[in-house]
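A short worksheet on the structure shown next.
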Protein chains: 2
Amino acid sequence: MITIKEIAEIANVSVGTVDRVIHGRDGVSKKTKERVQKILTEKNFKINNIARSLAMKKKYNLSVLMPDFDADNLFWKSPLLGVSKAAEEVLSFGIEVKTFTFNQLDKKSYLNSFQKLIDGSPEAVILTPLFLNETKTIISQLDKKKIPYIFLNIEINGFNNISFIGQDSYKGGYLSGKLMHLCTQKNTNYLITDIESKLYNNNAIEGRIKGFYSYFNKNKIPFNAVSLSFEDLNNLDHVKQQLKQLLDTHKNISGVLVPSSRISIISNCIDSKKLKKLSLIGFDTTEQNVACLKNDKITFLISQKSFNQGLKSVKIMAEYLIQNNLPHQKIYSPLEIITKENLEFSQQEKWHYIDEIKS
Amino acid sequence: MITIKEIAEIANVSVGTVDRVIHGRDGVSKKTKERVQKILTEKNFKINNIARSLAMKKKYNLSVLMPDFDADNLFWKSPLLGVSKAAEEVLSFGIEVKTFTFNQLDKKSYLNSFQKLIDGSPEAVILTPLFLNETKTIISQLDKKKIPYIFLNIEINGFNNISFIGQDSYKGGYLSGKLMHLCTQKNTNYLITDIESKLYNNNAIEGRIKGFYSYFNKNKIPFNAVSLSFEDLNNLDHVKQQLKQLLDTHKNISGVLVPSSRISIISNCIDSKKLKKLSLIGFDTTEQNVACLKNDKITFLISQKSFNQGLKSVKIMAEYLIQNNLPHQKIYSPLEIITKENLEFSQQEKWHYIDEIKS
DNA sequence: ACATTTTCCGTGTACGCACACAAAAGTAAC
DNA sequence: GTTACTTTTGTGTGCGTACACGGAAAATGT
């Protein structure tokens, strides 16, 4: 492998100049820049990462703002883990990742956490834009300071984010339609739960429902869907009652779609006799959801591999900081179909990482 | 992270002495050795591998032996691409990946390619042990020279390979059973094609078939399966004829399982009217298979992400060489369920890489 | 007491790159 | 042609480790 020094000799310049060309720093005349660049590509110069990371001193502060998780809602645990994992990996490239979390039900904590984040004057930010109005305030600050930012998991448009990393909710819903149809065949009567969708800026649920409908419409499959929304998913008795009532009045229902990560609650609130005759499809492999999958309470989960989302967002931002590589505008996560039978092979990166940090 | 220099200062010795203690070289008095050792453990000193490999400047030759691909059978293209991608990544860590391919129908070319490989005296080897007897010869040479090796994609036991990377065929088959059952519901009459399984040492097909049967047996689902094997999959007319005959005599068949990567051939050889009434499930997302999926000829493909297998095998071996990290004995790839609806989101790593090399 | 060997330890350099600082070359105005 | 400044280029040091080399001290021999 050719080194900077060798390149410099060939081009009749110093290593400093070569370094400048490589990193696109200014202070090099157009002429020499072109000459060096040519030799660089000709000789197929590749930077020696070993030496690079040795030479780099801690320089970048990459801050992450995302919701915290708790026992009731473990969804955010996964991306958080992904971020930690990536943090370790990029550390040797001179990037320190600082994570700030907020209560996903509390707009104030969102703003407070951001304040702490911005006080650390980060070079780059990754955030989950959960509340729309508050996000506008936040983004204006980032824009003003010219701090690049990536949206994680929640897709909103009209901002200067360099990328969005998350699921294509519509396509996810579309896929859930296909799977539901496969499970239920001729009896196409469904229940769709519409949970808390107005609580925050979460158009994921909406998108999934739209996608679900689209599958049947586009393929010209007649179907019926009733929807049910809950005031408080933590009030289990009430949820049970609501479900019982609905399933008693609509006895022909063959499948239940839960377009959020909370399907475990729903499945646990349905009478087990009734449950056996139903196909349940939900999203995200939270620990509770996985438990239901194992017990045959749920047929399919569609996973967005949120661990990888966290991981990827950090890595991509790191690459942007170091190499100035602009990522794609939208990076959609895979729509992973999870059943009891392939569960153990999914999310290996995540489990390996958890093993690592345990030992 | 504490450095050798710092340790040296605390122990009142030079970095050279600390270095000697760390590497167990002699030339250090018992007294100072103990003193330094104590500080080393006290301060939880961890060697900086980056600096280490920079200083060592050792070049590793990591050689890969795997089947070549051709227009008829593209299966091996994917892992080969994965290997190339990883090769780029580990190059900067002083590891040069050399790839040797062989004709998957020709035992001699297997041995010949290995001869070339071993002549380069590699520090580590990754190989696809396609032919059992020939593999024994090969492995004995590797064992004698104490060259570490990993098995890629094909699982055989009784060797000192430091790892196996590939699919759990049995579980893959089991999953295919589940999916088939879902697709076909009450009508559980299936055709299983058993292709070329005796041609090479490929117990993957066997494992998948076993797994498929197991699903129905373990869940006590009554079913019927007829099997059909082909002499030559390239003789399309004959294949068509065989299929037609079988499907005409077994009119109640509702699903076809192809436990290899060749489902596209089967699906193309079935009369389209008949095809509409059948659920086809196969393995691996080769280009031809994907095309059939898009045309609704196939319902499910189970992918083993062979691109990632190639990628991972190289990365793992690299880590073993550099850091001396022993990997897990068996690394099973995910069993990814691919349908028309989630196809576009799968194999992103692969497509991104292909984009890269094209540009 | 002196020479010789052995044991022990410190110094210096290389690895390839990043970056701060110094130096040179170029430009413009007078 | 001198000065003042800007642009462009070169130099040197540090990152943490490995290891060769050589010097000092201690042990041994005569």
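Chain letters run A, B, ... following the sequence lines, proteins first, then strands; residues in each count from 1. Note that the structure is predicted; figures quoted are calculated from it, not measured.
- No hydrogens or angles considered: nothing links the side chains of B:Ser163 and B:Tyr320 as a donor-acceptor pair under 3.5 Å.
- The aromatic rings of A:Phe164 and A:Tyr332 lie perpendicular to each other, with more than 60° between the two planes, well past the 30° mark.
- Residue A:Arg52 places no side-chain N or O under 4.0 Å from the OP1 or OP2 atom of C:dG16.
- For DNA chain C, the residues of residues 17-30 of chain B within the heavy-atom distance limit of 4.0 Å (strictly under) are B:Thr17, B:Arg20, B:Gly27, B:Val28, B:Ser29, sorted by number.
- Going from atom CG of A:Asn12 over to atom P of D:dT11 covers 12 Å, rounded to whole Å.
- A salt bridge does not link B:Arg20 with B:Asp26: none of the charged nitrogens is closer than 4.0 Å to a carboxylate oxygen.
- A straight line from CD1 of A:Ile2 to C1' of C:dG16 spans 13 Å, rounded to a whole angstrom.
- Protein atom CG of A:Leu54 is 11 Å distant from nucleotide atom P of C:dA18, rounded to whole Å.
- Between B:Gly16 and A:Thr3, the residue anchored nearer the 5' end of DNA chain C, judged by the nucleotide with its closest heavy atom, is B:Gly16.
- Residue contacts for B:Ile4: at a heavy-atom cut-off of 4.0 Å it reaches the sugar-phosphate backbone alone, with no base atom in range.
- Ion pair B:Glu155/B:Lys330 flagged as a salt bridge, since at least one NZ, NE, NH1 or NH2 atom sits closer than 4.0 Å to an Asp/Glu carboxylate oxygen.
- Residues B:Gln304 and B:Gln309 have side chains that bring a donor and an acceptor to within less than 3.5 angstrom of each other.
- Picking from D:dG10, C:dT11, D:dG16 the nucleotide with the shortest atom distance to the side chain of A:Val13 gives D:dG10.
- At least one donor-acceptor pair under 3.5 Å links the side chain of A:Ser84 to the backbone N or O of A:Leu80.
- Rounded to whole Å, the distance from CD on B:Glu9 to P on D:dT17 is 13 Å.
- The side chain of A:Val15 sits closest to D:dG12 out of C:dG16, D:dG12, D:dT17.
- A sub-4.0 Å separation between OP1 or OP2 of D:dG10 and a side-chain N or O of A:Ser14 is present.
- At whole-Å resolution of the value, CZ in B:Arg35 and C1' in C:dC9 are 11 Å apart.
- Aromatic ring pairs are classed by plane angle as parallel below 30°, tilted from 30° to 60° and perpendicular above 60°; the pair A:Phe159 and A:Phe151 is perpendicular.
- Note on B:Ser53: every side-chain N or O is 4.0 Å or more away from OP1 and OP2 of D:dT17.
- Residue B:Lys31 contributes atom NZ, which lies 17 Å from atom P of C:dT7 at whole-angstrom precision.
- We find that NZ of A:Lys5 is positioned 18 Å from C1' of D:dT9, with the value rounded to whole Å.
- For A:Ile47, taking side-chain heavy atoms from C-beta onward, the closest of the listed nucleotides C:dG12, C:dC17, D:dG16 is C:dC17.
- Atom CE of B:Met56 and atom P of D:dT17 are 13 Å apart (whole Å).
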